[in-house]
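Presented below is the structure to which this report refers.
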Amino acid sequence: MPELPEVETIKRQLGEVLVGLTITDFWLDTPKMVIGKSEELIKTKVVEVRRRAKLIEIDLNNGRTVLIHLKMTGQLLYQDNSSKTYQDKPLPPLKKSTPNKSTHVIFTFDNGAKLYFNDLRKFGYIKILPTNDVEHTRILSEFGPEPFDPDLTLENFITRLKKRKTMKIKQLLLDQKFLAGVGNIYANEALFKANIDPRKKVAELSEEQMKELFKQVKNVLEVGIKAGGASDQTYVNAFGEKGKFMDYAVVYRRKGKPCETCGAKIERIALGGRGTFFCPKCQL
DNA sequence: CGCCGGACCTGTGGGC
DNA sequence: TGCCCACAGGTCCGGC
């Protein structure tokens with residue numbers, strides 16, 4: 001499910017509501033989805049909520065952090081008495097209110113609030129570990145730069161690109177070691193905006209295309225954040241609301257529909273097993 | 001080390 | 001209507 005803009009949206013919402021709350025109870029029904037000792041969470045207070053790539057990090061005041069990966073169909077729903085939070089309405093994909101059979105973890109807080117972790121496909125996970133170890137955990141230590149990191153200059157981006165000459169550009173964008181946070185929707189959309197054929201190898205890209213790609217990757221992610229994420233199927237934010245990015249998506253999941261620029265039919269192919277959508281006329 | 005296919009899960013939607 | 005297959009915002013692992 002969520003890529004950088006979706007996770008960023010959830011992170012910002014959770015930062016607003018969780019900081020300062022104390023965890024009083026923790027429930028789970030699928031042990032393989034929780035790594036670490038959940039008893040370490042009880043009576044700890046939330047200090048900060050952060051994001052790295054597609055992971056949410058909830059820092060606690062006992063030196064522990066809760067890492068959460070939503071993978072394809074994970075949802076984090078926060079509910080308290082205030083009307084702006086999630087209030088039991090039916091949500092995709094099951095069209096049922098939460099909690100339901102896809103609810104695998106529930107945090108309870110000292111103000112009576114709940115944080116539900118739903119995940120239809122059970123790919124997601126929660127990991128409890130020392131805050132100091134977070135950046136050394138394998139998935140995090142190998143991540144490439146955040147797209148909006150000021151240290152990631154155009155020159156730096158191009159240098160990193162040129163080290164991966166034989167890789168197809170679409171697959172490289174999905175490689176979290178190259179760039180952290182881009183997923184399938186935004187990779188497809190960025191390549192369209194940059195007029196680049198997703199099958200092209202990095203070595204075949206012009207300097208101008210690399211420059212345009214850098215710009216457009218950041219652009220689509222920014223539009224995604226402003227739209228509150230992309231609700232193609234199951235995504236909702238921490239308050240149960242859908243994002244609006246699919247209103248701006250021009251190729252993703254639009255096979256057979258006309259390209260908004262030239263009218264040619266959008267094609268779908270598989271690259272690395274992932275659906276890849278592009279305009280055969282505009283993307284070279 | 002690089003790349004690829006399959007695995008992990010459950011549900012939906014389209015075609016016949 | 002019902003069945004079967006393709007497909008789904010992501011990693012991770014084993015094999016060549």
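Only this structure's heavy atoms are used, side chains among them; waters, hydrogens and symmetry mates stay out. Owing to the predicted nature of the structure, the values given are computational and were not obtained by experimental measurement.
- Regarding A:L120, its CG atom lies at a distance of 8 Å from the P atom of B:dT12, rounded to whole Å.
- At the heavy-atom level, A:K32 lies under 4.0 Å from the strands shown only through sugar-phosphate atoms.
- Among the nucleotides C:dC7, C:dG10, C:dC13, the one closest to the side chain of A:K71 is C:dG10.
- Backbone-only engagement by A:N184 is indicated by non-hydrogen atom pairs under 4.0 Å involving sugar-phosphate atoms exclusively.
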Verdict with supporting geometry, A:F245 and A:S231, side chain to side chain contact (heavy atoms under 4.5 Å, CB included): CA-CA 7 Å; A:F245 182 78; A:S231 291; over 6 Å; no

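- Taking atom CG on A:N100 and atom P on B:dG11, their separation rounds to 10 Å, with Å as the unit.
- If you measure from atom NZ of A:K168 to atom C1' of B:dG5, you get 14 Å, rounded to the nearest angstrom.
- Between A:M72 atom CE and B:dT12 atom P the separation is 16 Å, expressed in whole Å.
- Using a 4.0 Å heavy-atom criterion, one finds that A:K101 contacts the sugar-phosphate atoms exclusively.
- For the P atoms, the distance linking B:dG5 with C:dA6 amounts to 16 Å, nearest Å.
- A sub-4.0 Å separation between OP1 or OP2 of B:dC1 and a side-chain N or O of A:R164 is absent.
- The number of heavy atoms from other shown groups lying within 6.0 Å of NZ (A:K200) is above 12.
- A close approach under 4.0 Å does not occur between any side-chain nitrogen or oxygen of A:R253 and OP1 or OP2 of C:dA6.
- A donor-acceptor contact under 3.5 angstrom links the side chains of A:D80 and A:T85, judged on distance only.
- Residue A:Y235 is tested with A:T73, A:I185, A:L91, A:T9 for a side chain to side chain contact (heavy atoms under 4.5 Å, CB included); the sole match is A:T9.
- Side chains of A:K127 and A:T137 form a contact here, defined as non-hydrogen atoms less than 4.5 Å apart.
- Side-chain contact between A:V19 and A:V47: absent, with no pair of heavy atoms (C-beta onward) separated by less than 4.5 Å.
- DNA chain B lies under 4.0 Å from at least one heavy atom of each of the following residues of residues 87-97 of chain A: A:P93, A:L94.
- Between A:L67 and A:L140 there is a side-chain heavy-atom pair separated by less than 4.5 Å.
- For the pair A:L161 and A:F214, the minimum side-chain heavy-atom distance is 4.5 Å or more.
- The distance from atom OH of A:Y252 to atom P of C:dC7 is 12 Å, rounded to the nearest whole Å.
- Going from atom CZ of A:R274 over to atom P of B:dG5 covers 14 Å, rounded to whole Å.
- Counting any heavy atom pair closer than 4.0 Å across all strands shown, A:I139 reaches sugar-phosphate atoms only and no base atom.
- Heavy atoms of A:F277 sit under 4.0 angstrom from primed sugar atoms or phosphate atoms, though from no base atom.
- A:F107 has its ring centre no less than 6.0 Å from the ring centre of A:Y78.
- Across every strand in view, B:dG13 sits in a pair with C:dC5 that passes the Watson-Crick or G-U test at under 3.5 angstrom.
- Between A:N188 atom CG and C:dC7 atom C1' there is a gap of 14 Å when expressed in whole angstrom units.
- Between A:Q176 and the phosphate of C:dT11, there is a side-chain N or O to OP1/OP2 separation shorter than 4.0 Å.
- Dashed line: the shortest gap from a side-chain N or O of A:T166 to OP1 or OP2 of B:dC3 is under 4.0 Å.
- Side-chain contact of A:K170 with A:T276: a donor-acceptor pair under 3.5 Å is present, judged by distance alone.
- Summarising the geometry, the separation between CD1 on A:I35 and P on C:dT11 is reported as 14 Å, rounded to the nearest angstrom.
- For the contact set between residues 121-135 of chain A and DNA chain B, defined by any heavy atom under 4.0 Å, the members are A:R121, A:K122, A:F123.
- Among the atoms of the strands shown, base atoms are found under 4.0 Å from some heavy atom of A:S231.
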